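All values reported here derive from a predicted model rather than from experimental measurement.
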Amino acid sequence: MAGVLHIIGGGMAGLAAAVEVAGSGRHVIVHEAGRACGGRARSYDDKQLGCRIDNGNHLFLSANKTLFRYLALTGALDTLAGPKAPIFPFVDLEEDARWTINLSRGRMPWWVFQPHRRVPDMRLPDLRSLYALMQAGPDTTVDDCLLPGALARRLLEPLAISALNTDCATGSAALMGAVIRQSLSLGGSACIPFHARDGLSETFVDPALAHLRAVRAEVRTQSRMTGIETAQGRVTALHTAEGAIPVDAQDHVIVATPAPVTRGLLENHLHGLVTPTAFESILNLHFRLDTPPQPVGSFARCGFMGVIGGIAEWVFLRGSVLSVTVSAANRHAERDPEELARAIWREVRRACDPALSIPLPATPAEQRIVWEKRATFAATPEQNRLRPGPATALANLALAGDWTNTGLPATLEGAMRSGILAVHALGLRAPG
């Protein structure tokens with residue numbers, strides 16, 4: 001018998017591990033403590049808004065190989081939306097400027113020599129910031145690498161805050177350099193942006209669950225782990241509120257829960273277990289309108305817009321809902337939520353009105369604030385050193401999660417990569 005793989009946690013890391021192994025002859029069981037899988041990448045029906053929304057906004061790139069492999073295995077590639085070209089519309093509220101970055105598809109960056117395709121007012125010597133980020137050591141921050149100028153302010157800083165969910169003054173340049181090496185340095189063909197067309201669950205969760213059912217894997221929701229048993233260097237049982245689940249000699253376990261949950265579950269069994277201890281929040285605001293906005297130009301083509309010089313950082317449009325993302329949101333934690341929402345709506349109107357056929361109303365019909373208080377680990381050099389690898393001292397147990405040492409910040413690609421690395425650490429599938 002091939003044995004059972006128990007995966008504790010049904011977020012993106014756990015689902016990626018399950019999809020990788022299910023159908024290989026080994027029985028896979030996903031244990032999710034909540035009512036639904038998906039973690040920070042799921043959708044739900046919001047009663048206040050009267051519509052379905054995502055619990056966050058995610059933009060990913062054609063360079064995200066692990067993510068696209070997952071979508072191919074689950075049959076979800078046709079659920080994506082995007083411009084099918086490496087273009088990114090931006091607005092600078094502080095300096096009242098608009099532009100669309102249009103990257104060259106090949107590795108030669110011809111776009112930097114064409115003013116209508118690059119960041120306005122950038123100078124070619126500013127590109128040294130990219131080289132500095134890609135060569136950064138483990139103790140270097142993003143700010144240490146950025147040369148003053150338009151390229152840093154209008155592109156590299158907003159990209160770094162989004163990718164790291166940490167401000168540039170403390171964010172790890174090494175992690176940001178890894179993102180650049182796997183995207184921008186490969187040319188525009190690696191930087192085509194995508195987002196979920198109908199919703200995060202419709203792209204990342206529902207197709208995966210359907211695939212897992214088709215290959216006879218189990219997904220048990222509201223199955224919370226309360227503890228584990230170990231003996232002779234192996235996990236021998238999992239404890240839930242419903243009782244103990246034996247883990248036989250041929251069985252394996254992947255713990256794919258958030259860092260604090262993992263630490264609480266395993267610290268008495270893995271002495272010396274180190275995990276990140278500082279976390280950053282993400283603020284998402286969803287504004288529903290009575291009449292769906294009609295975008296024009298690159299906003300219509302992309303479905304999103306980058307915002308500089310304000311609180312809002314990215315605006316996404318899906319039907320009658322405008323959604324705003326604010327990364328590294330700990331800095332806004334003391335502000336009154338309603339006042340913050342009003343300020344952001346004023347920014348949304350300034351950013352979007354010139355890109356819409358009809359201006360937005362003075363106030364939205366409804367709004368919802370979604371604040372993920374511990375969305376990701378703080379991607380600083382100090383916290384990055386606390387990320388453990390997938391292998392553990394327990395022979396049949398591996399760790400997964402975007403907070404583990406994937407070489408990337410806590411992105412969807414990083415979360416899915418962690419699930420694959422955990423599978424490989426257990427020797428269940430050959431790396432490839």
Side-chain angles (χ1 to χ4, degrees), residues 4-23 26-46 52-58 60 64 66-77 79-80 195-226 238 240-242 245 252-262 265 282 284 370 372 374-376 398-404 410-420 422-423:
V4 178
L5 172 61
H6 295 277
I7 299 174
I8 303 173
M12 287 297 99
L15 289 179
V19 167
E20 187 73 10
V21 175
R26 179 176 294 273
H27 186 51
V28 173
I29 305 175
V30 178
H31 305 269
E32 166 55 41
R35 295 179 178 272
C37 292
R40 290 193 299 108
R42 58 182 175 83
S43 311
Y44 64 95
D45 295 315
D46 188 276
R52 190 167 175 81
I53 60 173
D54 295 334
N55 64 340
N57 297 308
H58 291 272
F60 44 95
N64 298 151
T66 310
L67 185 149
F68 276 95
R69 170 179 165 80
Y70 172 89
L71 295 179
L73 290 172
T74 59
L77 288 172
T79 67
L80 303 179
H195 50 91
R197 182 190 63 210
D198 302 314
L200 292 174
S201 287
E202 288 81 353
T203 291
F204 294 108
V205 182
D206 298 343
L209 298 181
H211 170 77
L212 292 173
R213 286 193 297 268
V215 295
R216 301 185 182 278
E218 291 184 62
V219 178
R220 302 176 182 176
T221 55
Q222 296 183 275
S223 177
R224 182 180 298 276
M225 291 294 147
T226 59
L238 305 174
T240 72
E242 288 73 37
I245 302 171
H252 294 82
V253 179
I254 292 176
V255 177
T257 53
V261 177
T262 300
L265 187 64
I282 295 177
N284 292 283
V370 181
E372 294 277 353
R374 295 161 71 96
T376 70
L399 304 178
D402 59 15
W403 55 272
T404 61
T411 59
L412 282 180
E413 174 73 7
M416 292 183 180
R417 180 184 292 187
S418 77
I420 306 305
V423 168

Could you pull out the closest heavy-atom pair between [X] and [Y], with the gap in Å?
| X | Y | answer |
| --- | --- | --- |
| Leu265 | Thr226 | CD1-C, 4.3 Å |
| Val19 | Thr74 | CG2-CG2, 3.8 Å |
| Ala398 | Ala422 | CB-O, 3.7 Å |
| Ala13 | Ser418 | CB-OG, 3.4 Å |

Would you mind telling me which of Ile7, Val255, Ile245 makes a side-chain contact (heavy atoms from CB on, under 4.5 Å) with His31? Ile245
Decide side-chain contact (heavy atoms from CB on, under 4.5 Å) for Asn284 and Asn55; before the verdict, give the C-alpha distance in whole Å, the side-chain angles of both, and the deciding distance to 0.1 Å. CA-CA 8 Å; Asn284 292 283; Asn55 64 340; over 6 Å; no
Show your working on side-chain contact (heavy atoms from CB on, under 4.5 Å) between Glu20 and Leu73 and close with a plain yes or no. CA-CA 8 Å; Glu20 187 73 10; Leu73 290 172; 4.2 Å; yes
Donor-acceptor pair, side chain of [X] and main chain of [Y], under 3.5 angstrom:
| X | Y | answer |
| --- | --- | --- |
| His211 | Ala22 | no |
| Thr221 | Ala36 | no |
| Arg224 | Ala241 | no |
| Thr66 | Arg417 | no |

4.5 Å side-chain heavy-atom contact, [X] and [Y]:
| X | Y | value |
| --- | --- | --- |
| Met225 | Thr240 | yes |
| His195 | His58 | no |
| Asn64 | Leu412 | no |
| Leu15 | Leu212 | yes |
| His27 | Arg216 | no |
| Leu200 | Val205 | no |
| Leu67 | Phe204 | yes |
| Asp206 | Thr79 | no |

Can you sort out the partners of Thr404 under side chain to side chain donor-acceptor pair (under 3.5 Å), two or more places apart, ordered by chain and number? none
Can you tell whether the side chains of Arg52 and Glu202 come within less than 4.0 Å, N to carboxylate O? yes
Distance, nearest 0.5 Å, that separates CE of Met416 from CZ of Arg69: 12.0 Å
